[in-house]
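Start at 1 and go down the list; that is how both ligands and their atoms are numbered.
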Amino acid sequence: MQVNGKNYETIWMKDQMVRMIEQNLLPYEFKIFTARNYKETCFAIKSMIVRGAGAIGAAAGFAMAQAAMEADARNYMTYLKIARKDIESTRPTARNLFAATEKVYNAALEGKDAALNAAHEIAEKDKMDSLNIGKLGNGLIKDGYRIETHCNAGWLAFVDHGTALSPIYMARDSGKKIFVYVDETRPRGQGAKLTAWELLNEEIPHAIIPDNAGAHLMSKGLIDMVIVGADRIALNGDVANKIGTLEKAIAAKYYNIPFYVAAPISTFDFNCLTGKEIIIEERVEEEVLYQKGIDANGHMTEILVAAPNAKAINPAFDVTPAGLITGIITEKAIIKATNQEIMGLKD
Ligand code: MRU
């Protein structure tokens, strides 16, 4: 996608270096972070320099390939195993990360070039999948639709195009007038900061709404559909996504508003029977108690937004039961959130 008139992807690898947009600085500063080895790529995933299921999948694949390149012949296997463990312990919820380490690790057993090729294939496929999700999802959007989205499942959450936002970009490109309600997505503000930044760049009409405003807008008939992304989808159609998704789905069901999940097949966990098995990342309480932004002088700053010494809990994801989901937009087809239709996606 375009940033200041130049085409960018969220993450890419060249000459063993993994480069990515520094998402912790957005929307205030646009900077590229370079990870010179697999440990630095792990750091980038853990510290959320790169975030979003598809983007961390690509990052994990690149990290695994970096490890293969770094390893010397005498301890190749030991190095690969340790690296895989390190990469897989960065963040637990997004399925794409584990799918990527598995694929590149297996390729690395054949050699360094195979590992590198596998990592690039993951990133390329992520882009194509996002585009196809956009094409299929666009078919669901009618001219004049007002769409609510949660968190950031735009191009910054993938290598390019995104999932929940990809149909929105395509709808705009095909001449439909649309309006996007962007949940701010406390505590890290991926909606207010990242989705709003993407939509501003693309000149798509939108408004950031407080996280607790969605049901109210739905009750007033102001929302025609909801599209969200996913971090992991269980075999029965339960969907783990950014915390707060479940509340939107419950409200949408109550008001009879279509609630769609957009996700590539790499987000489906065919070994996970129901959402109960999905590990939900718990993040530090400081993310809830403090907020980051810029001050009047444009300097990045952090302030306490809670009672001093108050405690907080910070689950990063929730699980939306399949029964609340109208459909899942994948790169192959729009399916129902059922075991049977999900099994049909398997190669
Ligand atoms: O914690 P994040 O920002 O990595 O969250 C993941 C997500 O991007 C969202 O849950 C998103 O809605 C899923 S689509 C990548």
So, does [X] use its side chain to make a donor-acceptor pair with the main chain of [Y] at under 3.5 Å?
| X | Y | answer |
| --- | --- | --- |
| H150 | I243 | yes |
| T93 | I279 | yes |
| R146 | G221 | yes |

Have a look at ligand 1 and work out which part of [X], if any, has a heavy atom under 4.0 Å from it: side chain, backbone, both or neither.
| X | result |
| --- | --- |
| A55 | neither |
| E281 | neither |
| A53 | both |

Need the ligand 1 atom indices (1-based, order shown) with element for anything under 4.0 Å from a heavy-atom of [X].
| X | value |
| --- | --- |
| M48 | 1 (O), 2 (P), 3 (O) |
| R91 | 1 (O), 2 (P), 4 (O) |
| Q190 | 1 (O), 2 (P), 3 (O) |
| N152 | 8 (O), 11 (C) |
| A157 | 15 (C) |

For residues V180 and Y169: do they belong to one hydrophobic cluster (side chain heavy atoms under 4.5 Å, members Ile, Leu, Val, Met, Phe, Trp, Tyr)? yes

Determine whether V159 and L26 fall in the same hydrophobic cluster, where Ile, Leu, Val, Met, Phe, Trp and Tyr are linked whenever their side-chain heavy atoms lie under 4.5 Å apart. no

So which of [options] gets nearest to [atom], if we judge by its closest heavy atom?
| atom | options | answer |
| --- | --- | --- |
| atom 13 (C) of ligand 1 | L165, N241, D318, T245 | N241 |
| atom 1 (O) of ligand 1 | R232, K242, Q23 | K242 |
| atom 14 (S) of ligand 1 | G162, G189, A153 | A153 |

Would you mind checking if E184 and R186 are paired as a salt bridge, meaning a charged N to carboxylate O distance below 4.0 Å? no

Using the six-membered ring wherever Trp is involved, compare the ring planes of F30 and Y8 and label them parallel, tilted or perpendicular (cut-offs 30° and 60°).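 Plane angle over 60°, so perpendicular.
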
Contact check: G52 vs ligand 1, nitrogen or oxygen atoms, below 3.5 angstrom: yes

Test your reading of the structure: does R51 have an N or O sitting under 3.5 Å from an N or O of ligand 1?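 By distance alone, the answer is yes.
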
Set out, in order, the CA-CA distance, both residues' side-chain angles and the distance that settles side chain to side chain donor-acceptor pair (under 3.5 Å) for N7 and Q2, then state yes or no. CA-CA 4 Å; N7 219 49; Q2 295 269 314; 3.2 Å; yes

Looking only at protein heavy atoms, identify the closest one to atom 10 (O) of ligand 1 and say how far it is in Å.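 For this ligand atom, the closest protein heavy atom is D231 OD1, 2.6 Å.
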
Taking atom 9 (C) of ligand 1 as the reference point, the nearest protein heavy atom with its distance: C151 SG, 3.4 Å

Measuring from non-hydrogen atoms of A230 to any atom of ligand 1, is the shortest distance under 4.0 Å? yes

V228 heavy atom under 4.0 Å from ligand 1: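 No heavy atom of V228 comes that close to ligand 1.
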
Would N37 and E70 count as a side chain to side chain donor-acceptor pair (under 3.5 Å) here? Give the steps. CA-CA 8 Å; N37 50 51; E70 289 160 29; 5.4 Å; no

Evaluate the salt bridge (Lys or Arg N to Asp or Glu O under 4.0 Å) criterion for residues D269 and R232: first the C-alpha distance (whole Å), next the side-chain angles of each, then the deciding distance (0.1 Å), finally the verdict. CA-CA 6 Å; D269 186 344; R232 191 180 290 248; 2.6 Å; yes

Which of these passes side-chain contact (heavy atoms from CB on, under 4.5 Å) with K253: I325, L324, T326?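 So, applying the side-chain contact (heavy atoms from CB on, under 4.5 Å) to K253 and each of I325, L324, T326, only L324 qualifies.
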
